[in-house]
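This report concerns only the one structure given below.
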Amino acid sequence: MEKQKDVLILAIESSCDETAAAVVKNGRSVLSNVISSQIDLHKLYGGVVPEIASRKHIEKINQVIEEALKEADTTLDDLDAIAVTYGPGLVGALLVGVAEAKAISFAKNLPLVGVHHIEGHISANYIENLDLEPPFLCLVVSGGHTHLVVVKDYGEFEILGRTRDDAAGEAFDKVARAIGLGYPGGPKIDKLSKQGNAYAMDFPKAKVADAPYDFSFSGVKSAVLNHLNKCKMMGEPVVEADIAASFQRCVVEVLVEHAIAAARDYHISKLAIAGGVASNQTLRNAMEQACEKNGIQFYHPSPIFCTDNAAMIGVAGYYEYIKGTRHGWDLNAVPNLKLGER
Ligand code: KG4
Ligand code: ZN
């Protein structure tokens, strides 16, 4: 039998504060994954400044793409398609990647495939889990999204639950700022929690009436702020590590409980996690234990594929490409793009 030709995709990601490019072969093999992070710059302001993000993407994108091609020992002439994140995200930041992808695909006459950022996060699970195929359940927890999604097929999703207010990562970032840890808060809370008592405080775990898989994190965030105010007024010491660990326990318990309940209710035996918060060690451990207890197979990407990267966009782009998804020169950045929309 004739061997199928390899499909090489150059992927570009610039939706927030990382300028990233990757080369992915046949949707599962990452030949290069270059990430230029702007975190040190945005740290000065306590969060991502959109205008600065766009400017930095413009400065870095060509260099990052060149590095990704070089690392993969590839040239633009070897590629089969260009994949790019076109939403959701910061409009100015997205536009840089979209314009770059359009320019390369026009110059080299290559198919252009626009990719949904969250479809990318979910697809990160395919990189190191070669046995993973849909259907499965995925908990997406990033700085902008908290979704419980049934991945029915490649690129086909049913959203079972979503956050009603803050995203999980957003709650981590806000609580970290309140206790003086700085930006980005997730990794800092993850680290500081290891020195704290996760049962020192009992922060509220919100349930949304009639929507068992929806999330709400504004209550726990307010409870942390109230606790800090109370300490200040009463002259009591603030134990940051205990607050971090207790807050994290509360968020992790909610995430695990909802995900396991959905997997059981929908009789789904495979559960994956995705997005920046999926690199949280306590969440990974708790989810692994709960899955084991419930006879569910647990999947997770390595931390480098959880936070924003272009390899995941190359994987999602491959599955869109083989399904026939093509975008034209009118492809635009869509800051509020819905999952499953094309
Ligand atoms: O997926 P991501 O890189 O960007 C978005 O698409 O939003 O997620 C970034 C979010 C931030 O809120 C960051 O604080 C959080 O992921 N995060 C973490 C950890 N690493 C990153 N949250 C908890 N624990 C971590 N280890
Ligand atoms: Zn992301």
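Order of appearance sets the numbers: ligands from 1, and atoms from 1 within every ligand.
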Taking 4.0 angstrom as the limit and counting only heavy atoms of [X], give me the atoms of ligand 1 inside it, by number and element.
{"X": "Thr307", "answer": "3 (O)"}
{"X": "Gly169", "answer": "12 (O)"}
{"X": "His121", "answer": "1 (O), 6 (O)"}
{"X": "Ser279", "answer": "19 (C), 20 (N), 25 (C), 26 (N)"}

For ligand 1, is there an N or O atom under 3.5 Å from any N or O atom of [X]?
{"X": "Gly275", "value": "no"}
{"X": "Gly143", "value": "yes"}
{"X": "Asp308", "value": "yes"}
{"X": "Gly186", "value": "yes"}

Do you know which two heavy atoms are closest between Ile12 and Gly97, and how far apart they sit?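 Here Ile12 and Gly97 meet closest at CG2-CA, 3.9 Å.
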
Closest approach of Phe172 and Ile189, non-hydrogen atoms and distance?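 Distance-wise, the nearest heavy atoms are O-CD1, 3.5 Å.
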
Nearest non-hydrogen protein atom, [atom]:
{"atom": "atom 15 (C) of ligand 1", "answer": "Val277 CG2, 4.0 Å"}
{"atom": "atom 12 (O) of ligand 1", "answer": "Asp173 OD2, 2.7 Å"}
{"atom": "atom 24 (N) of ligand 1", "answer": "Asn280 ND2, 3.0 Å"}

Residue pair Arg55, Glu51: steps toward the salt bridge (charged side-chain N to carboxylate O under 4.0 Å, His left out) verdict: CA-CA 6 Å; Arg55 284 174 193 222; Glu51 179 61 26; 3.1 Å; yes

Please compare Gly276, Gly89, Ser37, Ser15 and report which has the shortest non-hydrogen distance to atom 17 (N) of ligand 1.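 That would be Gly276.
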
Indicate if the distance from the Zn ion (ligand 2) to the nearest N, O or S atom of His117 falls below 2.8 Å.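 An N, O or S atom of His117 is closer than 2.8 Å to the Zn ion (ligand 2), so yes.
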
Would you say His121 reaches the Zn ion (ligand 2) with an N/O/S atom under 2.8 Å?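 Of the N, O and S atoms in His121, at least one lies under 2.8 Å from the Zn ion (ligand 2), which means yes.
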
Would you kindly specify which portion of [X] sits under 4.0 Å from ligand 1, judged on non-hydrogen atoms: side chain, backbone, both or neither?
{"X": "Gln281", "result": "neither"}
{"X": "Asp190", "result": "side chain"}
{"X": "His117", "result": "side chain"}

Any side-chain donor near an acceptor of the partner, [X] and [Y], under 3.5 Å:
{"X": "Gln248", "Y": "Asn280", "value": "yes"}
{"X": "Tyr126", "Y": "Asp131", "value": "no"}
{"X": "His57", "Y": "Asp17", "value": "no"}

For ring pair (Phe, Tyr, Trp, His ring centres under 6.0 Å), just list the numbers for His327 and Tyr86, CA-CA rounded to whole Å, side-chain angles, deciding distance to a tenth of an Å, and then say yes or no. CA-CA 11 Å; His327 285 90; Tyr86 72 110; 5.2 Å; yes

Report the C-alpha distance between Leu160 and Val149 in whole Å, list the side-chain angles of each, state the deciding distance to 0.1 Å, and finish with yes or no for side chain to side chain contact (heavy atoms under 4.5 Å, CB included). CA-CA 6 Å; Leu160 300 183; Val149 184; over 6 Å; no

Taking atom NZ of Lys221 as the centre, does the number of heavy atoms from other residues, nucleotides or ligands within less than 6.0 Å exceed 12?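 Yes, because the 6.0 Å sphere around NZ of Lys221 holds more than 12 heavy atoms from other groups.
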
At the 4.0 Å heavy-atom cut-off, does Gly144 count as touching ligand 1?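 Within the 4.0 Å threshold, so yes.
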
Quick one: pull up CG in Asp73 and CG in Leu31 and give me the separation to the nearest 0.5 Å.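 Asp73 CG to Leu31 CG: 9.5 Å, rounded to 0.5 Å.
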
Suppose we only allow N, O or S atoms; which atom of Asp308 ends up nearest to the Zn ion (ligand 2)?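 In Asp308, the heteroatom (N, O or S) nearest the Zn ion (ligand 2) is OD1.
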
I'd like to know if the side chain of Asp214 and the backbone of Thr163 have a donor-acceptor N/O pair within less than 3.5 Å.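 Such a contact is absent between Asp214 side chain and Thr163 backbone.
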
Taking only Lys NZ, Arg NE, NH1 and NH2, and the carboxylate oxygens of Asp or Glu, determine whether Lys108 and Asp78 approach each other closer than 4.0 Å.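 Between Asp78 and Lys108 there is no salt bridge, as every charged N stays at least 4.0 Å from the carboxylate O atoms.
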
